[in-house]
Number of protein chains: 2
Amino acid sequence: MPPDDRAATPRLDAQMVFLMEADRLKSVSRATRIHDGSRFENSAEHSWHIALFALVLGEHAEDEIDTDRVIRMLLLHDLVEIDAGDAPVFGAVDAAAVEAAEQAAAERLFGMLPADQGAALRAIWEEFEANETPEARFAKSLDRFQPPNLNLAAGGGSWTDYGVTQDVFEAKMAPKIARGAPKLWHWLRPRVAAFFSAAR
Amino acid sequence: MPPDDRAATPRLDAQMVFLMEADRLKSVSRATRIHDGSRFENSAEHSWHIALFALVLGEHAEDEIDTDRVIRMLLLHDLVEIDAGDAPVFGAVDAAAVEAAEQAAAERLFGMLPADQGAALRAIWEEFEANETPEARFAKSLDRFQPPNLNLAAGGGSWTDYGVTQDVFEAKMAPKIARGAPKLWHWLRPRVAAFFSAAR
Ligand SMILES: [Ca+2]
């Protein structure tokens, strides 16, 4: 036994290295502001918030879904931003460069875990990214549905910061939200329209 | 049809009021600092972090557990702090007053949801608080296991702020962490001991 009484626990050691590295997601800033507009949201609290959206709104998904799988996906979906940063949806981004950076980040971060677990969690993240299964489509839609709700609460938020108009919003967001959650898009659309009308 | 095209969706309306109220958890500050010590952690990002702990460390629970139920519990466990605030574990608190405030908060917050869903989610929170089922015991242990790991990363964190010694830490934390996760306590204890030895 080593003098400090630490047993050999390589599996748990690796898991803890991963979990403490994950803490850095709390320092990744997003373009969206929290409800009162007082500061930018970070990607860790955003992940919590949309996991809660999944828990509460799962019944509104377009297809039959496993809500717990959606929640797992949303807990993991932004981890790659620890290395790759958050790409603002209304900003100008090089999609191929973002994807390459995120793949490298996934390799590094999930690679910290025991191999079997790293592969299993990375598979959940890849499923989210591929946006094909009912769970991934709903998760992706929630990821796009939450920020406009925060913008409405904050009186403009990232729409104001990026000079976004209703046309731009609808063109960019309608397909993304409606794909996995048409009912949520139908609910959101008139509220956003009312905001932009009042702001004119 | 009303002029703004909003259909009558009382169930979804209520769920969205709840989810936007939940955003306020991002403004509840905890006694623990994030990994680099740069700022205090908030209860929303803390909830994300320990849900991720559950996802990764579920295999180390003392009893057979439903990891997804633990995750649901942890997503919800701190919501009452929106009204009741976070009671620092090393601070002087009136436990009965805290519990009364948290029960009132649960009544108000879960009461925003459709009645069936509010009752179901409140039951998960009550299960966590009761700390009796295997899932609740593991969830409670994770809630106590994460902060000392952040303190170790931050070089003292809330231990320094509250003048906590190794004896106080062991007396307060050992039973709480070991109850649902003795293996995690066994892993943590020598690391904390090494920190306090080096700090002497
Ligand atoms: Ca707490």
Side-chain angles (χ1 to χ4, degrees), chain A residues 2 4-7 9 11-13 15-16 18-27 34-36 38-39 41-49 51-57 59-60 67-69 71-72 75-76 79 113 117 121 146 149-150 152-153 183-184 186-187 189-191 193-194 197, chain B residues 2 4-7 9 11-13 15-16 18-27 34-36 38-39 41-49 51-53 55-57 59-60 67-69 71-72 75-76 79 113 117 121 146 149-150 152-153 183-184 186-191 193-194 197:
Chain A
D4 70 357
D5 194 36
R6 283 182 224 185
T9 53
R11 192 168 168 89
L12 180 50
D13 293 352
Q15 291 165 327
M16 290 306 299
F18 170 83
L19 287 169
M20 295 313 292
E21 182 74 9
D23 202 68
R24 293 173 55 200
L25 196 62
K26 297 170 188 169
S27 301
I34 66 171
H35 62 282
D36 60 2
S38 61
R39 65 169 174 83
E41 190 188 33
N42 72 60
S43 292
E45 63 197 1
H46 162 74
S47 298
W48 165 77
H49 202 195
L52 192 65
F53 272 57
L55 180 48
V56 170
L57 301 178
E59 68 191 56
H60 303 298
T67 298
D68 289 311
R69 187 164 180 86
I71 291 171
R72 287 175 177 235
L75 292 175
L76 298 170
L79 278 176
L113 287 165
Q117 189 170 45
L121 297 194
Q146 179 246 21
N149 281 291
L150 284 182
L152 289 174
K183 194 172 159 193
L184 298 182
H186 183 76
W187 182 89
R189 188 182 187 181
R191 288 167 171 80
S197 292
Chain B
D4 69 356
D5 194 37
R6 282 181 226 186
T9 51
R11 192 167 169 89
L12 181 50
D13 293 352
Q15 291 165 328
M16 289 307 299
F18 170 83
L19 287 170
M20 294 315 291
E21 183 74 7
D23 202 69
R24 294 173 55 198
L25 196 61
K26 297 171 187 169
S27 301
I34 65 171
H35 62 282
D36 59 3
S38 60
R39 65 170 173 83
E41 191 188 31
N42 71 60
S43 292
E45 63 196 0
H46 163 73
S47 297
W48 165 77
H49 203 195
L52 192 65
F53 272 57
L55 180 49
V56 170
L57 301 178
E59 66 189 57
H60 303 297
T67 297
D68 289 309
R69 188 164 180 85
I71 291 171
R72 286 174 177 238
L75 292 176
L76 298 170
L79 277 176
L113 287 165
Q117 188 170 44
L121 298 194
Q146 180 246 19
N149 280 292
L150 284 182
L152 289 174
K183 194 171 160 194
L184 299 182
H186 183 76
W187 182 89
L188 178 65
R189 187 181 189 183
R191 288 168 171 80
S197 292

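In this text the structure is predicted, and so the values were computed from the model without any measurement.
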Looking at [options], which has the largest count of heavy-atom pairs under 4.5 Å with chain B?
options: A:Leu152, A:Leu12, A:Asn149, A:Leu121; value: A:Leu12
options: A:Leu57, A:Ile71, A:Leu79; value: A:Leu57
options: A:Gln15, A:Arg69, A:Lys183; value: A:Gln15

What one should report as the nearest heavy-atom pair of B:Trp48 and A:Ser47 is CD1-CB, 3.5 Å
What are the two closest non-hydrogen atoms of A:Val56 and B:Gln117, and how far apart are they? O-NE2, 2.9 Å
If you measure from CE on A:Met16 to CD on B:Gln146, what distance do you get to the nearest 0.5 Å? 9.0 Å
Output the distance between atom OG (B:Ser27) and atom CG (A:Asp36), rounded to the nearest 0.5 Å. 5.0 Å
Under a 4.5 Å heavy-atom cut-off, does chain A meet the side chain of [X], its backbone, both or neither?
X: B:Arg189; result: neither
X: B:Ala51; result: both
X: B:Arg11; result: side chain

Who among B:Leu113, B:Leu52, B:Asp23, B:Thr67 has the most heavy-atom pairs with chain A under 4.5 Å? B:Asp23
Kindly indicate whether the side chain of B:Leu55, heavy atoms from C-beta on, has any atom under 4.5 Å from the side chain of A:Leu76.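 A side-chain contact under 4.5 Å exists here.
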Considering only heavy atoms from C-beta outward, does the side chain of A:Ile34 approach that of B:Arg24 to under 4.5 Å?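 Not in contact.
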Test A:Lys26 against every option in B:His46, B:His35, B:Glu41 by the side-chain hydrogen bond (donor to acceptor under 3.5 Å, both in side chains) rule and name the one that passes. B:Glu41
Kindly indicate, with the supporting measurements, whether the criterion salt bridge (charged side-chain N to carboxylate O under 4.0 Å, His left out) is fulfilled by A:Arg72 and B:Asp68. CA-CA 8 Å; A:Arg72 287 175 177 235; B:Asp68 289 309; 2.7 Å; yes
